[in-house]
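Order of the sequence lines fixes the chain letters, A, B, ..., with proteins taken first and strands second; residue numbering starts at 1 for each chain. Here the structure is a predicted model, which means the values were calculated and not measured.
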There are 2 protein chains.
Amino acid sequence: MNRESQVSVTVIRRLPKYHRYLTELIEKGISRISSQELSVLTGFTASQIRQDLNNFGGFGQQGYGYNVEDLQKELGKILGLDTRYNAVVVGAGNLGQAIANYKGFEDAGFKVLSLFDRNPRVIGLKIRDIEIRDMEHIEEFIKEHNVEIGIITTPKDSAQQIADIYIRSGIKGIWNFAPTDLQVPDDIVVENVRLNESLFILSYFLKTKFDK
Amino acid sequence: MNRESQVSVTVIRRLPKYHRYLTELIEKGISRISSQELSVLTGFTASQIRQDLNNFGGFGQQGYGYNVEDLQKELGKILGLDTRYNAVVVGAGNLGQAIANYKGFEDAGFKVLSLFDRNPRVIGLKIRDIEIRDMEHIEEFIKEHNVEIGIITTPKDSAQQIADIYIRSGIKGIWNFAPTDLQVPDDIVVENVRLNESLFILSYFLKTKFDK
DNA sequence: AAATATGTGTCAATTTATTCACATGTATAG
DNA sequence: CTATACATGTGAATAAATTGACACATATTT
């Protein structure tokens with residue numbers, strides 16, 4: 001087990017936010033920042049920020065703080081943003097197309113090579129320059145193009161079936177938008193985007209705030 | 001402050017998953033379940049499930065377990081799924097259109113009345129039966145139609161500006177897809193969907209799993 | 001109808017996460 | 001070149017979350 005894998009998920013989930021603010025600071029031309037200042041930006045405590053960063057190394061300097069550019073670069077490496085991956089999307093509906101068009105993707109090192117669907121009406125269409133192909137050819141496509149990431153934007157009932165195809169084809173990670181928990185072997189990474197759950201949480205806080 | 005608002009956010013964020021599995025159990029015609037069985041389904045420990053549910057009341061019965069339908073209904077009430085809200089979307093791009101088409105929405109009690117955009121090329125178009133309108137009319141629309149939820153699916157640079165319009169128009173909650181932290185007064189509820197961050201996390205776990 | 005099995009609700013124990021506090025090193029001002 | 005302010009990294013203290021354990025009530029079996 002490598003060093004990073006014993007850092008708690010709680011800490012990991014805060015890293016993207018640090019990375020985002022550091023990127024904004026670079027854009028503003030700010031080259032130096034203290035944990036105190038980062039605390040104001042992110043809303044985490046300065047102490048927590050120092051603890052978090054120290055899981056990965058001592059990036060700061062006493063009396064100075066952190067060099068923005070260096071720290072951003074380091075966080076990028078920790079998050080694996082320097083590695084490029086090929087991806088495909090199954091489900092060329094609205095959400096699938098939105099994802100294929102999504103710019104933020106490239107920032108994370110992912111490139112969508114193709115969308116797949118079963119609906120003959122969309123097969124052959126192009127989103128930007130990304131073609132929608134027939135599901136029939138997905139397995140060979142994945143193998144031929146060295147695709148490592150599979151994205152699922154279908155309704156929940158077909159999600160597991162698609163995950164199985166992905167696994168069979170040798171994919172390493174799945175980005176799942178379907179509201180279901182996928183069953184996968186230990187060596188496959190799954191990251192879920194739970195739109196429902198997010199909405200439910202919004203609903204909960206609306207209720208508790210206004211329903212007395 | 002009411003009872004529910006002192007339940008920790010950590011607990012709240014688990015409720016949608018309970019609700020989802022209970023809904024599936026209802027569909028399968030299962031009427032009774034123990035915390036132990038729910039534990040197998042959800043991956044949370046039985047003890048944790050009992051603790052979580054007990055924050056809101058004793059829904060179970062010793063020697064029997066929980067009545068699936070009752071518990072699902074109770075969780076629905078806790079999450080506020082019995083309340084209906086009108087919503088609008090700003091940003092009629094791919095993501096905005098995907099959201100407007102999204103069925104899971106109605107399950108949470110939200111109804112999208114209209115999309116808004118600045119791009120003259122999309123104004124006037126209809127997504128299902130939802131019209132895309134000019135941003136110019138958004139404030140009066142919100143006030144006239146009793147809209148309580150504002151959704152943001154624009155790039156990050158305009159997100160705060162749109163939030164300000166929402167706030168000025170009297171909206172209560174914002175569902176934000178832009179990768180930025182919105183500044184809002186205390187009485188506005190914001191729920192963020194961080195697609196970037198989710199991707200970064202996927203990237204991180206891919207890296208730590210395969211990069212030794 | 002009694003005996004046994006089941007399973008909740010809850011309090012206590014443990015583990016994990018966050019905050020505090022400060023010794024130590026570096027930058028900056030005079 | 002010295003003095004002062006700054007701000008990290010870290011170990012200890014506190015707080016929060018999770019798990020364990022069991023008394024007690026209900027269901028089920030015989």
Side-chain angles (χ1 to χ4, degrees), chain A residues 1 3-18 21-22 25 30-75 78 197 201 204, chain B residues 1 3-18 21-22 25 30-75 78 197 201 204:
Chain A
M1 196 167 281
R3 184 177 39 134
E4 282 148 53
S5 59
Q6 47 223 60
V7 177
S8 80
V9 178
T10 322
V11 173
I12 303 303
R13 297 215 166 255
R14 280 192 292 264
L15 301 183
K17 193 166 184 179
Y18 298 139
Y21 276 104
L22 288 164
L25 288 168
I30 294 165
S31 63
R32 166 185 174 175
I33 193 152
S34 67
S35 59
Q36 188 50 243
E37 293 165 309
L38 258 179
S39 166
V40 174
L41 290 176
T42 60
F44 305 133
T45 65
S47 178
Q48 184 165 58
I49 292 168
R50 294 200 300 278
Q51 293 265 21
D52 283 355
L53 297 178
N54 259 83
N55 282 293
F56 303 97
F59 302 125
Q61 192 170 35
Q62 292 175 334
Y64 177 88
Y66 300 87
N67 177 291
V68 172
E69 217 162 320
D70 290 352
L71 184 55
Q72 194 259 10
K73 203 169 292 172
E74 286 299 329
L75 282 172
I78 292 163
E197 295 188 6
I201 301 295
Y204 174 85
Chain B
M1 196 166 281
R3 183 178 40 134
E4 284 148 53
S5 59
Q6 44 223 61
V7 177
S8 80
V9 178
T10 321
V11 173
I12 303 303
R13 296 213 167 257
R14 279 192 293 265
L15 301 183
K17 193 167 183 179
Y18 298 138
Y21 276 104
L22 289 164
L25 288 168
I30 294 165
S31 65
R32 165 185 174 174
I33 194 152
S34 68
S35 58
Q36 188 51 245
E37 293 165 308
L38 258 179
S39 166
V40 174
L41 289 176
T42 60
F44 304 133
T45 65
S47 178
Q48 184 166 56
I49 292 168
R50 293 202 300 277
Q51 291 265 28
D52 283 354
L53 297 178
N54 260 83
N55 282 294
F56 303 98
F59 302 125
Q61 191 170 35
Q62 291 174 336
Y64 177 88
Y66 299 87
N67 177 291
V68 172
E69 216 162 323
D70 290 353
L71 184 56
Q72 194 259 10
K73 203 169 290 172
E74 287 299 328
L75 282 172
I78 292 163
E197 296 189 6
I201 300 295
Y204 173 86

(message) Which is more 5' along DNA chain D, the nucleotide nearest A:G58 or the one nearest B:R50? Just name the residue.
(response) A:G58
Non-hydrogen atoms of [X] and [Y] that approach each other most closely:
{"X": "B:F44", "Y": "B:S39", "answer": "O-OG, 2.7 Å"}
{"X": "A:I201", "Y": "B:I12", "answer": "CD1-O, 3.7 Å"}
{"X": "A:G63", "Y": "A:R32", "answer": "O-NH2, 3.7 Å"}
{"X": "A:L71", "Y": "A:F59", "answer": "CD1-CD1, 3.6 Å"}
{"X": "A:E37", "Y": "A:I33", "answer": "OE1-CA, 3.4 Å"}
{"X": "A:N67", "Y": "A:D70", "answer": "OD1-N, 2.9 Å"}

(message) Taking the nucleotide of DNA chain C with the nearest heavy atom to each, does A:G63 or A:Q48 sit closer to the 5' end?
(response) A:Q48
(request) For A:Q62 and for A:V9, find the nucleotide of DNA chain C with the closest heavy atom, then tell me which residue's nucleotide is more 5'. (result) A:V9
(request) On DNA chain C, reading 5' to 3', which nucleotide is the first and which the last to sit with an atom under 4.0 Å from a heavy atom of chain A, could you check? (result) C:dA17 to C:dT28
(message) Donor-acceptor pair, distance only, cut-off 3.5 Å: does the side chain of A:N54 make one with the backbone of A:Q51?
(response) no
With heavy atoms under 4.0 Å as the rule, sort [X] into base, sugar-phosphate or nothing.
{"X": "A:F59", "answer": "sugar-phosphate"}
{"X": "B:T10", "answer": "sugar-phosphate"}
{"X": "B:Q36", "answer": "nothing"}

(message) Under the salt bridge (charged side-chain N to carboxylate O under 4.0 Å, His left out) test against B:D52, which residue among B:R14, B:R13, B:K17 passes?
(response) B:R14
(request) Provide the start and end nucleotides, 5' to 3', of the part of DNA chain D that has atoms under 4.0 Å from heavy atoms of chain B. (result) D:dA17 to D:dT28
